[in-house]
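Heads up: the structure comes next, in structure tokens.
To find a chain, count down the sequence lines: A is the first, B the second, and so on, and within it residues start at 1. The basis for the numbers below is simple: all heavy atoms, side chains too, and nothing from hydrogens, waters or symmetry mates. Quantities reported herein were computed from a predicted structural model and do not represent experimental measurements.
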There are 2 protein chains.
Amino acid sequence: MSQSNAADTCQIPCFDQDKVGKIQKKLLNDEARLPELAEFYKLLGNTNRLKILMSLADSELCVCDIAHVLGLSTAATSHQLKLLRDKGWLKMRNDGKMVYYRLNSVDLLSALKTDLKLLQQKLG
Amino acid sequence: MSQSNAADTCQIPCFDQDKVGKIQKKLLNDEARLPELAEFYKLLGNTNRLKILMSLADSELCVCDIAHVLGLSTAATSHQLKLLRDKGWLKMRNDGKMVYYRLNSVDLLSALKTDLKLLQQKLG
DNA sequence: TGCTCATTTCGATATTTTCGAAAATGATAA
DNA sequence: TTATCATTTTCGAAAATATCGAAATGAGCA
């Protein structure tokens with residue numbers, strides 16, 4: 001409320017207003033996309049979902065087969081598949097009672113592989 | 001226990017043993033690395049940490065400046081910095097009382113940018 | 001000694017994740 | 001129709017995790 005003497009004492013005196021301002025300005029471009037990017041990474045931050053993506057590298061699979069690869073129930077598997085499908089990374093195809101899933105983006109898989117290499121390189 | 005008539009009725013009859021076996025075999029190569037990869041993505045699955053990485057694109061910054069960019073306390077900022085440092089993505093440098101952080105890997109930033117492009121492309 | 005920037009620990013809170021159980025869906029077959 | 005089967009969905013609960021403030025600690029500097 002009082003505008004008297006608060007202005008000339010900064011709570012955190014070390015910071016460089018100019019530098020901070022410039023960086024905030026620069027971030028503005030990407031800032032809107034960062035939550036999306038973070039969500040993308042959260043989605044990939046799970047071993048089972050990574051396994052799903054890699055399992056589908058060569059060909060489509062039915063839910064049941066994927067469940068066996070993961071060692072999960074079909075319900076749990078279906079849930080993970082839905083998360084990937086909702087974001088558009090997987091596509092499903094009905095064939096009678098069966099449902100087959102396949103990758104909807106080759107680029108995703110190559111991104112995974114690139115990142116895997118980055119890690120391997122980092123760990124020697 | 002009884003081996004009489006259990007063998008010919010499969011609890012989950014739809015799956016293709018051969019296919020599953022082949023995929024599990026193929027996954028063996030990468031499987032050991034998948035938890036690492038998942039952890040890597042978990043680390044990146046946070047807007048503040050992404051902001052930190054992007055803020056450091058051009059030059060090092062002190063904790064206090066980073067805290068201002070993020071709008072967090074220095075304690076909270078320091079915590080996030082530690083997570084990135086512990087994984088080897090950031091390096092710190094002491095200069096008097098101040099501590100400066102910088103990127104320890106150019107490749108990480110380019111991976112980020114690649115993934116961001118992948119998303120932009122996906123979203124039209 | 002006192003001050004400052006940063007780190008660390010502790011802990012509370014909030015959020016998220018994961019997945020089982022069970023009901024619902026939707027296709028097929030008898 | 002009725003039964004069956006593969007999958008999906010909803011609900012919910014347990015567990016794991018994240019986030020961050022407060023306060024104690026370090027470490028440099030005057």
- Message: Without decimals, in angstroms, what is the distance between B:E39 CD and C:dT17 P?
- Response: 16 Å

- Message: What is the separation between atom CG on A:N94 and atom C1' on D:dT8, rounded to the nearest whole Å?
- Response: 11 Å

- Nearest-nucleotide comparison on DNA chain D, the residue closer to the 5′ end among A:L81 and A:K97: A:K97

- Task: May I have the distance from A:K82 (atom NZ) to C:dC19 (atom P), rounded to whole angstrom?
- Result: 17 Å

- Taken to the nearest whole Å, CG/B:D16 to P/D:dA6 is 14 Å

- Message: B:N94 vs B:Y100, test: side chain to side chain donor-acceptor pair (under 3.5 Å). Steps then yes/no.
- Response: CA-CA 6 Å; B:N94 279 71; B:Y100 289 91; over 6 Å; no

- Task: Give a yes or no on whether a salt bridge exists between B:E60 and B:K91, defined as a side-chain N under 4.0 angstrom from a carboxylate O.
- Result: no

- Message: From CG of B:D95 over to C1' of D:dA27, roughly how many Å is that when rounded to an integer?
- Response: 13 Å

- Report yes if a side-chain nitrogen or oxygen of B:R93 is closer than 4.0 Å to either non-bridging phosphate oxygen (OP1 or OP2) of C:dA6; otherwise report no. no

- Query: When you check the phosphate oxygens OP1 and OP2 of C:dC5, does a side-chain N or O of B:Y101 lie under 4.0 Å from one of them?
  - Reply: no

- Message: I need the CD1-P distance between A:I52 and D:dT7, as an integer number of Å.
- Response: 13 Å

- Task: Please step through side chain to side chain contact (heavy atoms under 4.5 Å, CB included) for the pair B:Y101 and B:R85, ending with a clear verdict.
- Result: CA-CA 9 Å; B:Y101 278 85; B:R85 198 185 63 207; 2.8 Å; yes

- Whole-Å distance separating the CG atom of A:L61 from the P atom of D:dA6: 16 Å

- Any donor and acceptor pair, going by atom type alone, linking the side chain of A:D30 with main-chain N or O of A:R33 inside 3.5 Å? no

- Message: Both A:R85 and A:M98 contact DNA chain D. Which one's nearest nucleotide lies toward the 5' end?
- Response: A:M98

Return all side-chain donor-acceptor pairs below 3.5 angstrom for residues 50-59 of chain A, not counting sequence neighbours, or 'none' if the list is empty.
from  : atom 1 : to    : atom 2 : distance (Å)
A:K51 : NZ     : B:E31 : OE2    : 3.0
A:S55 : OG     : A:K51 : O      : 2.7
A:D58 : OD2    : B:K26 : NZ     : 2.7

- Please work out whether the ring planes of B:W89 and B:F40 are parallel, tilted or perpendicular, with thresholds of 30° and 60°. tilted

Distances under 3.5 Å between nitrogen or oxygen atoms of protein and nucleotides 12-22 of chain D:
from   : atom 1 : to    : atom 2 : distance (Å)
D:dT19 : OP1    : B:N46 : ND2    : 2.0
D:dT19 : OP2    : B:R49 : NH1    : 3.1
D:dG21 : OP2    : B:S73 : OG     : 2.7

- Item | Flag, side chain of A:D65 to backbone of B:V20, donor-acceptor distance under 3.5 Å | no

- Under 4.5 Å between any side-chain heavy atoms of A:L43 and A:R49, yes or no? yes

- Query: Heavy atoms under 4.0 Å, any strand shown: does A:Y100 hit a base, just sugar-phosphate, or nothing?
  - Reply: nothing

- Item | Bending between helix ends of the helix from C:dT1-D:dA30 to C:dA30-D:dT1 [5 pairs per end, 10° resolution] | 20°

- Note on the structure: Atom CD1 of A:I66 and atom C1' of D:dA6 are separated, to the nearest Å, by 13 Å

- Message: Using a 3.5 Å distance criterion without hydrogens, assess whether the side chain of A:D95 forms a donor-acceptor pair with backbone atoms of A:M98.
- Response: no

